[in-house]
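What follows is a set of notes on a single structure, which appears directly below.
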Amino acid sequence: MRFDLDGLPVYFPYAAIYPEQHAYMGELKRALDARGHALLEMPTGTGKTAALISLITSYSLANPSRPLRLLYCTRTVHEMEKTLAELRLLFSHLPPAAARSLLALGLSSRKNLCVHPEASASAARDSVDTACRRLTASWVREKAASDPDSTQLCEYFETFDRAAAAGDLASYMPPGVYTLADLRSLGRERRICPYYLARQMVKYANVVVYSYQYLLDPKVASIVSREMQKECVVVFDEAHNIDNVCIEALSVSIRKQTLEGAERNLRRISQEIDRKVQGH
């Protein structure tokens with residue numbers, strides 16, 4: 001359906017709208033008009049995700065001078081997939097010209113996106129990360145260039161690297177909505193790494209759905225979100241959990257064994273330096 005909200009044409013993917021959703025959209029529109037912040041709360045099951053993405057998308061379409069750039073941060077992969085499903089439904093109700101020009105995608109860890117048969121076989125996230133790096137590290141690829149028979153590489157990453165070097169990544173991901181399952185299917189079909197493709201295409205996507213950590217954790221944000229433009233609408237879904245996410249992202253846990261190991265290593269380095277100095 002399409003309706004008017006204080007002069008704004010809003011595209012909504014359902015035939016009816018709850019009064020709570022209409023009120024929610026009105027408050028959100030006022031926050032966007034003021035270019036400020038908003039803290040909004042709705043009861044569970046009242047369609048806040050559909051209301052939010054409908055209003056923000058419609059607002060951008062009505063204001064071409066402020067191109068759509070939405071970063072939607074979720075707490076879990078399940079919530080991410082649910083949001084992307086709502087986006088797909090919304091896109092099907094937009095004017096055809098608008099739908100054909102917008103790109104929305106989800107970004108998650110290698111574990112959820114890797115399609116390499118061996119690297120993705122492990123159920124542990126760290127193991128998948130390690131296996132990926134063993135196939136894509138720069139020194140591994142340099143070794144493969146001189147000794148291809150004894151060095152295994154990831155063909156999916158190699159396809160990505162060639163496309164990136166040629167500036168051809170957009171041809172692998174035309175406008176549309178891409179869930180994590182869509183990205184994996186695309187990767188297998190086109191023989192390209194969906195993880196690195198998605199990570200590169202977030203710079204050009206109109207809507208990016210990813211975990212809190214991709215924006216809040218300095219270690220991750222410096223890699224994934226550093227090239228995001230400043231003019232973005234950032235949404236933290238389920239924000240009552242955000243304090244725990246910040247504490248986790250900005251905290252470091254050190255075991256006693258780690259400190260003892262560091263002390264032994266420093267002592268060994270000191271002894272080695274003394275030995276070298278005395279030798280001269």
Side-chain angles (χ1 to χ4, degrees), residues 73-81 84 105-166 168-173 178-205 208-228 245 248-249 251-255 257-258 261-262 265:
C73 303
T74 67
R75 192 168 51 90
T76 66
V77 172
H78 173 73
E79 291 168 352
M80 181 189 305
E81 291 285 57
L84 289 164
L105 60 90
L107 178 62
S108 188
S109 64
R110 290 177 176 87
K111 178 181 180 297
N112 295 319
L113 288 175
C114 180
V115 293
H116 188 280
E118 297 176 15
S120 62
S122 175
R125 175 176 173 175
D126 290 345
S127 298
V128 176
D129 289 348
T130 300
C132 174
R133 294 188 183 99
R134 287 174 179 166
L135 297 169
T136 62
S138 57
W139 64 269
V140 174
R141 300 177 71 221
E142 289 174 2
K143 181 181 178 182
S146 58
D147 189 10
D149 295 332
S150 64
T151 307
Q152 182 183 4
L153 296 177
C154 175
E155 65 165 301
Y156 301 92
F157 179 81
E158 294 303 313
T159 302
F160 161 80
D161 189 65
R162 289 192 295 270
D168 193 36
L169 290 177
S171 68
Y172 285 86
M173 188 178 287
Y178 294 84
T179 66
L180 302 186
D182 293 332
L183 290 170
R184 291 192 297 268
S185 296
L186 183 150
R188 294 188 183 99
E189 179 183 342
R190 303 293 302 273
R191 314 301 289 179
I192 189 170
C193 176
Y195 170 74
Y196 281 101
L197 176 62
R199 210 172 87 173
Q200 189 71 16
M201 291 302 292
V202 295
K203 295 185 294 186
Y204 311 105
V208 179
V209 185
Y210 57 18
S211 169
Y212 288 175
Q213 280 84 355
Y214 283 80
L215 200 62
L216 296 178
D217 190 328
K219 301 184 296 296
V220 182
S222 64
I223 299 173
V224 176
S225 303
R226 62 185 175 185
E227 295 185 28
M228 296 293 190
V245 176
E248 180 182 348
S251 297
V252 177
S253 298
I254 301 178
R255 300 184 304 164
Q257 294 91 327
T258 303
N265 290 335

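Everything quoted here is computed from the prediction, not taken from an experiment.
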Please name the pair of heavy atoms, one in [X] and one in [Y], separated by the smallest distance, quoted to 0.1 Å.
X	Y	answer
Ser109	Tyr214	N-OH, 3.3 Å
Cys154	His116	SG-CD2, 3.7 Å
Ser127	Ser122	CB-OG, 3.1 Å
Glu81	Leu180	OE1-N, 3.3 Å
Ala119	Leu135	CB-CD1, 4.3 Å

With distance as the sole test, does Thr179 use its side chain to make a donor-acceptor pair with the main-chain N or O of Leu84 at under 3.5 Å?
-> no

Would you confirm whether Asp161, through its side chain, and Phe157, through its main-chain N or O, come within 3.5 Å as a donor-acceptor pair?
-> no

Hey, are the side chains of [X] and [Y] touching, using non-hydrogen atoms and a 4.5 Å cut-off?
X	Y	result
Arg133	Arg110	yes
Pro194	Val115	yes
Tyr196	Cys132	yes
Leu186	Glu189	no
Val140	Thr151	yes
Tyr210	Ser108	no
Leu183	Met173	yes

Check: Asp182/Ser185 side-chain N/O donor and acceptor closer than 3.5 Å | no

Side-chain donor-acceptor contact under 3.5 Å, Tyr178 with Arg184 = no

Euclidean distance, [Y] [atom2] relative to [X] [atom1], rounded to 0.5 Å:
X	Y	atom1	atom2	value
Gln213	Glu248	CD	CD	6.0 Å
Leu169	Thr159	CG	OG1	11.0 Å
Arg199	Leu113	CZ	CG	11.5 Å

Given Gln200, Arg190, Glu155, the one that forms side chain to side chain contact (heavy atoms under 4.5 Å, CB included) with Phe160 | Gln200

Got more than 12 heavy atoms from elsewhere within 6.0 Å of CZ, Arg125?
-> no

